[in-house]
Amino acid sequence: MKILIADDELHIRQGLEHLDWASIGVKVCGSAQNGQEAIELAMLLKPDIILSDIKMPYMDGLEMTELFLHLNPQCAVIFLSGYREFAFAKKALMLGAFDYLLKPTDPAEILACCKRAAEEITASNLQTASIVEMKCKIKELEIKNEIEREKPVYNDSKIKLSRILEFIDKHYCTELSLQDLSVEFHFNPIYINRIIKKETGYTFLEILNNKRMSKASEYLKRPDINISEVASLIGIPDQRYFSQVFKKYYGQSPREYRKLLVKKWKNI
């Protein structure tokens, strides 16, 4: 089993790297200082477990998890965070995280949690192997039905897509997630993301953030609304995270963007 560590504090990363991983049959394959770097390393190294902080620069642990679990749902993500707010834990578990541990944490507790994750992954892999023979037996029937089945599924996905996009457009100002779409439309979150990507060329998160940043730029034109209120109005109550995402889209922070607008108004 391979584990990837993600934390923006160097001393914590180093401490985690030196735990007795061999005692539970796990090997550290890499470490990252933010969610973006963790995604890049995970795509390359394909870890079985990711041990991650939540609050990190550029991309936090929650966003990293939402993106990576769509690509590799078999990976077990364990959060190790100093934030005790129930909302963080709830969001983490809704995204599919294996567990949520609070700092400071006993190294033995960390190892025990990762061991449980490794055991569940192993059990899942064995179960998958045990049903391969059964799948082979019904493969011929699946091939015969594939053409007839594929067309209605594709048509249905187009119908669902319009409703999904309407739902995003209506609820972007809330803390919307793929899990919310799953509950609303009775589809697996991964399947919903595939429909969106196939039909639009963009992921759910890209569409949601495009909508949010477009509305944010409109709100920033209004001097009566402060930046924290803008973040809340578009469904991102964490102002720091909002500023990071906004800068990715516009190349400048919300505060810099507003100052530029004010300067333009004065020159008119």
Side-chain angles (χ1 to χ4, degrees), residues 1-21 23-24 26-42 45 47-69 72 75-118 120-121 174-179 205 209 227-228 231-232 234-248 253-254:
M1 289 285 169
K2 296 184 294 183
I3 186 168
L4 175 69
I5 294 168
D7 198 295
D8 60 336
E9 295 186 54
L10 177 61
H11 71 282
I12 292 180
R13 291 200 307 274
Q14 292 176 336
L16 292 173
E17 289 171 10
H18 288 88
L19 293 182
D20 188 10
W21 295 110
S23 68
I24 62 169
V26 172
K27 179 181 180 181
V28 176
C29 64
S31 65
Q33 58 186 342
N34 57 64
Q36 182 63 50
E37 186 178 345
I39 284 285
E40 294 170 359
L41 285 176
L45 301 173
D48 302 287
I49 303 169
I50 297 178
L51 181 61
S52 175
D53 191 8
I54 284 188
K55 286 293 183 179
M56 296 182 290
Y58 304 111
M59 180 188 293
D60 66 17
L62 293 174
E63 186 179 2
M64 177 270 293
T65 298
E66 187 167 15
L67 286 171
F68 188 66
L69 287 186
N72 185 4
C75 182
V77 178
I78 299 171
F79 283 114
L80 184 61
S81 175
Y83 290 84
R84 296 179 176 272
E85 286 87 344
F86 174 71
F88 281 117
K90 180 181 178 182
K91 183 70 176 291
L93 297 176
M94 286 177 63
L95 290 175
F98 180 81
D99 209 339
Y100 186 101
L101 304 177
L102 289 173
K103 297 177 182 176
T105 309
D106 185 349
E109 183 181 357
I110 297 174
L111 290 173
C113 184
C114 292
K115 183 179 179 181
R116 290 198 309 273
E120 287 199 17
I121 293 170
T174 66
E175 293 187 58
L176 188 63
S177 69
L178 273 171
Q179 187 64 35
L205 192 60
N209 279 339
I227 293 175
S228 63
S232 182
I234 65 167
I236 306 179
D238 186 334
Q239 184 178 336
R240 179 186 172 192
Y241 175 55
F242 161 60
S243 295
Q244 291 171 356
V245 177
F246 189 89
K247 191 166 186 177
K248 286 181 184 178
S253 69

For [X] versus [Y], what's the shortest heavy-atom pair and its separation?
X      : Y      : value
Ala32  : Arg13  : O-CD, 3.2 Å
Ile78  : Ala117 : CD1-CB, 4.1 Å
Pro254 : Phe246 : N-CD2, 3.6 Å
Leu178 : Glu66  : N-OE2, 3.7 Å
Lys103 : Glu9   : NZ-OE2, 4.5 Å
Ser31  : Glu17  : OG-OE2, 2.8 Å

Spacing of [X] atom [atom1] and [Y] atom [atom2] [to the nearest 0.5 Å]:
X      : Y      : atom1 : atom2 : answer
Ile54  : Met64  : CD1   : CE    : 9.5 Å
Asp99  : Arg116 : CG    : CZ    : 5.5 Å
Glu37  : Leu4   : CD    : CG    : 9.0 Å
Asp106 : Cys113 : CG    : SG    : 12.5 Å
Lys248 : Gln36  : NZ    : CD    : 5.5 Å
Asp7   : Asp53  : CG    : CG    : 4.0 Å

pair [X]-[Y]: side-chain heavy atoms closer than 4.5 Å:
X      : Y      : value
Ile3   : Val28  : yes
Leu111 : Lys115 : no
Pro57  : Gln33  : no

Report task. Check whether any side-chain N or O of Asn34 sits under 3.5 Å from a backbone N or O of Met59 as a donor-acceptor pair, and report yes or no. Result ->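 No; judged by distance alone, with no hydrogens or angles, the pair does not exist.
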Query raised in the report: Side chain of Trp21, backbone of Leu16: donor and acceptor closer than 3.5 Å?
Result: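 The answer is yes, because a donor-acceptor pair under 3.5 Å joins these two groups.
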Requested in this report: For Phe68, check ring pair (Phe, Tyr, Trp, His ring centres under 6.0 Å) against everything at least two apart and list the hits.
Outcome: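 Once residues adjacent in sequence are excluded, Phe68 has no partner under the ring pair (Phe, Tyr, Trp, His ring centres under 6.0 Å) criterion.
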Query - Salt-bridge present (Lys91, Asp60; N to O < 4.0 Å) - result: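 No, no charged N to carboxylate O under 4.0 Å.
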Query raised in the report: Is the number of heavy atoms from other residues, nucleotides or ligands under 6.0 Å of Tyr241 OH greater than 12?
Result: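 Yes, the 6.0 Å shell around OH holds more than 12 heavy atoms from other groups.
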Query raised in the report: What do you reckon, is CD of Glu175 surrounded by more than 12 foreign heavy atoms closer than 6.0 Å?
Result: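 Not buried by this count: 12 neighbours or fewer within 6.0 Å.
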Query raised in the report: Stepwise, does the side-chain contact (heavy atoms from CB on, under 4.5 Å) test hold for Phe79 with Thr65?
Result: CA-CA 10 Å; Phe79 283 114; Thr65 298; 3.1 Å; yes
Query raised in the report: Going through the checks in order, is the side-chain contact (heavy atoms from CB on, under 4.5 Å) test met by Ile110 and Leu51?
Result: CA-CA 9 Å; Ile110 297 174; Leu51 181 61; 3.9 Å; yes
**Report entry** Pair Leu80-Leu101, side-chain contact (heavy atoms from CB on, under 4.5 Å): steps then yes or no
**Finding:** CA-CA 5 Å; Leu80 184 61; Leu101 304 177; 3.8 Å; yes
